[in-house]
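Each remark here refers to the structure printed beneath this line.
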Amino acid sequence: MEKAFNRQKVLLAHLQPTSPSPLLSASICAAGDSAAYHRTAAFGDDIVIVAAYRTAICKARRGGFKDTFPDDLLGFVLKAVVEKTNVNPSEVGDIVVGTVLAPGSERAIECRMAAFYAGFPDTVPLRTVNRQCSSGLQAVADVAASIKAGYYDIGIAAGLECMTVNGIRNVPKVNPRVEAFQQARDCLLPMGLTSENVAQRYGVTRQEQDQAAVDSHRKAAAARASGKFKDEIIPVTTKIVDPETGIQKVITISEDDGIRPNSNLAELSRLKPAFKKDGSTTAGNASQVSDGAGAVLLMKRSLAAQKGLPILGVFRSFAAVGVDPAVMGVGPAAAIPVAVQAAGLELNDIDLFEINEAFASQYVYCIKKLELDPEKVNVNGGAIALGHPLGATGARCVGTLLNEMKRRGKDSRFGVISMCIGSGMGAAAVFERGDCVDTLCNVRKVESNDLLSKDAR
């Protein structure tokens with residue numbers, strides 16, 4: 001093997017340009033199975049995240065954003081990614097917004113209005129995407145894919161949900177044909193009942209669910225107290241109306257308002273099941289109904305270097321998979337291995353996970369199923385404490401994950417974001433810490449490989 005490495009050095013010396021090129025590194029020539037996917041910071045066509053910001057997440061109908069228009073929420077974060085990076089808005093090739101509950105055409109128009117509020121010229125297009133709870137992450141994946149394909153050089157992936165304005169509703173008119181198809185019928189199950197199905201089918205206890213909720217609030221409260229969320233939250237100045245007097249007051253919101261630092265098992269155990277009389281899913285161990293928005297700025301590494309922008313993270317892979325609609329919450333357990341394998345990695349290569357806590361039942365199940373170290377998962381809390389504005393959650397998770405990886409430095413290289421999806425799906429994406437640079441540290445020992453030359457065996 002030593003002879004093979006020496007020959008690589010000689011070859012690279014002949015190929016080395018007069019000025020060092022960021023597109024060439026020893027790992028490009030690395031032999032062996034692990035060379036199938038190059039995982040270094042040296043590739044100019046890497047799709048990178050240079051900024052990720054969000055609003056605080058507030059309780060729907062009674063939180064800080066209850067009187068704020070959805071397009072205003074989105075406008076704040078779109079403006080933030082441009083102002084904080086000094087990117088020319090006219091250079092943005094597309095804005096893709098993940099959003100779920102509002103009627104599609106109405107929300108698309110509101111999002112276009114938000115782009116104008118944020119200072120984008122009319123030449124910049126915008127579209128919405130709806131893959132239920134993964135819509136924000138799907139927007140990131142769509143923008144990354146479009147940049148990789150060469151459709152444009154710079155894109156913004158965003159997420160928006162205003163559950164004060166648009167609540168979760170049943171399908172208004174159902175095709176009678178659905179009665180003949182069990183899984184089609186299960187697509188209509190209330191999400192809370194799918195949580196109960198997960199708990200019952202996979203033996204997740206009420207105490208496990210309540211403990212997960214306590215842990216979520218405890219970790220989120222600690223993160224907020226230590227200022228960890230300040231790197232991702234942009235303060236929003238808006239109005240709030242007193243429901244009794246009608247008096248308007250101007251306020252600035254810069255902190256999530258759903259975190260309960262004193263949450264404990266004794267209190268949670270007294271809550272009644274919310275969806276099934278003898279069930280275990282309660283208002284205390286499920287995600288909060290919330291308002292919020294987030295935005296992520298993506299481009300190629302070479303362009304980010306040209307503009308002198310710091311790289312927060314690298315987009316490595318994405319996967320969306322289908323699962324049984326009756327237990328839709330198991331989606332992350334199915335999607336995460338697919339996304340990790342697509343990135344040329346294994347589960348034990350992942351340093352941090354952000355798994356959306358739609359319900360404690362499915363969150364606990366996914367950790368158990370994948371045999372994840374709980375100390376690596378949702379280290380700053382999750383949707384049970386922070387809230388789950390459906391379309392915005394994926395964008396929120398990008399900022400939360402990448403900022404935490406940046407804080408941890410060399411101890412955290414790869415991270416995963418994942419969530420379950422209504423009607424029976426799961427989505428996951430793999431990210432790499434933005435400032436990570438190495439050469440051959442990812443190469444694994446290959447016991448036998450017929451592709452190696454004789455002196456490399």
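- The number of heavy-atom neighbours closer than 6.0 Å to CZ of R62, taken from other residues, nucleotides and ligands shown, is 12 or below.
- Annotation: N175, atom CG; neighbour count of heavy atoms from other residues, nucleotides and ligands within 6.0 Å is above 12.
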### Task
Take H388 and S290, measure what side-chain hydrogen bond (donor to acceptor under 3.5 Å, both in side chains) needs, and give me the verdict at the end.
CA-CA 6 Å; H388 178 26; S290 311; over 6 Å; no

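- Two rings, from F315 and F431, have their centers less than 6.0 Å apart.
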### Query
Hey, mind stepping through Q209 and R206 against side-chain hydrogen bond (donor to acceptor under 3.5 Å, both in side chains) and telling me if it holds?
CA-CA 5 Å; Q209 295 174 61; R206 167 70 182 268; over 6 Å; no

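- There is no side-chain donor-acceptor pair under 3.5 Å between T99 and T128.
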### Query
Which is it for D67 and T238 under the side-chain contact (heavy atoms from CB on, under 4.5 Å) test, yes or no, and what are the steps along the way?
CA-CA 8 Å; D67 300 309; T238 186; over 6 Å; no

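- Across all their heavy atoms, A360 and I384 have their closest contact at CB-CD1, 3.9 Å.
- For the pair D278/P273, no side-chain contact is recorded, criterion being any heavy-atom separation below 4.5 Å from C-beta on.
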### Task
Using the side-chain hydrogen bond (donor to acceptor under 3.5 Å, both in side chains) rule, take S361 and S195 through it: C-alpha gap first, then chi angles, then the decisive distance, then the call.
CA-CA 6 Å; S361 63; S195 171; 2.7 Å; yes

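- For the pair G292 and T55, the tightest heavy-atom approach, listed with the atom from each and the gap, is CA-OG1, 3.5 Å.
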### Message
Please evaluate residues E357 and S287 with respect to the criterion side-chain hydrogen bond (donor to acceptor under 3.5 Å, both in side chains), reporting the C-alpha separation (whole Å), side-chain torsions for both, the decisive distance (0.1 Å), and the verdict.
### Response
CA-CA 6 Å; E357 300 167 353; S287 58; over 6 Å; no

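- In this structure, R201 does not pair ionically with E196, as no charged nitrogen and carboxylate oxygen lie closer than 4.0 Å.
- Between the side chains of T164 and D291, at least one donor N or O lies within less than 3.5 Å of an accepting N or O.
- The shortest side-chain heavy-atom distance between V289 and K59 does not fall under the 4.5 Å cut-off.
- Residue I109 holds its CD1 atom at 11.5 Å from CG of L126, rounded to the nearest 0.5 Å.
- The neighbour count for Q211 CD, taken as heavy atoms of other residues, nucleotides or ligands under 6.0 Å away, is above 12.
- Remark: K84 is positioned above the aromatic ring of Y53, its terminal NZ or CZ atom under 6.0 angstrom from the ring centre and at most 45 degrees off the axis.
- Looking at S418, its side chain does come within 3.5 Å of a backbone N or O of A427 through a donor-acceptor pair.
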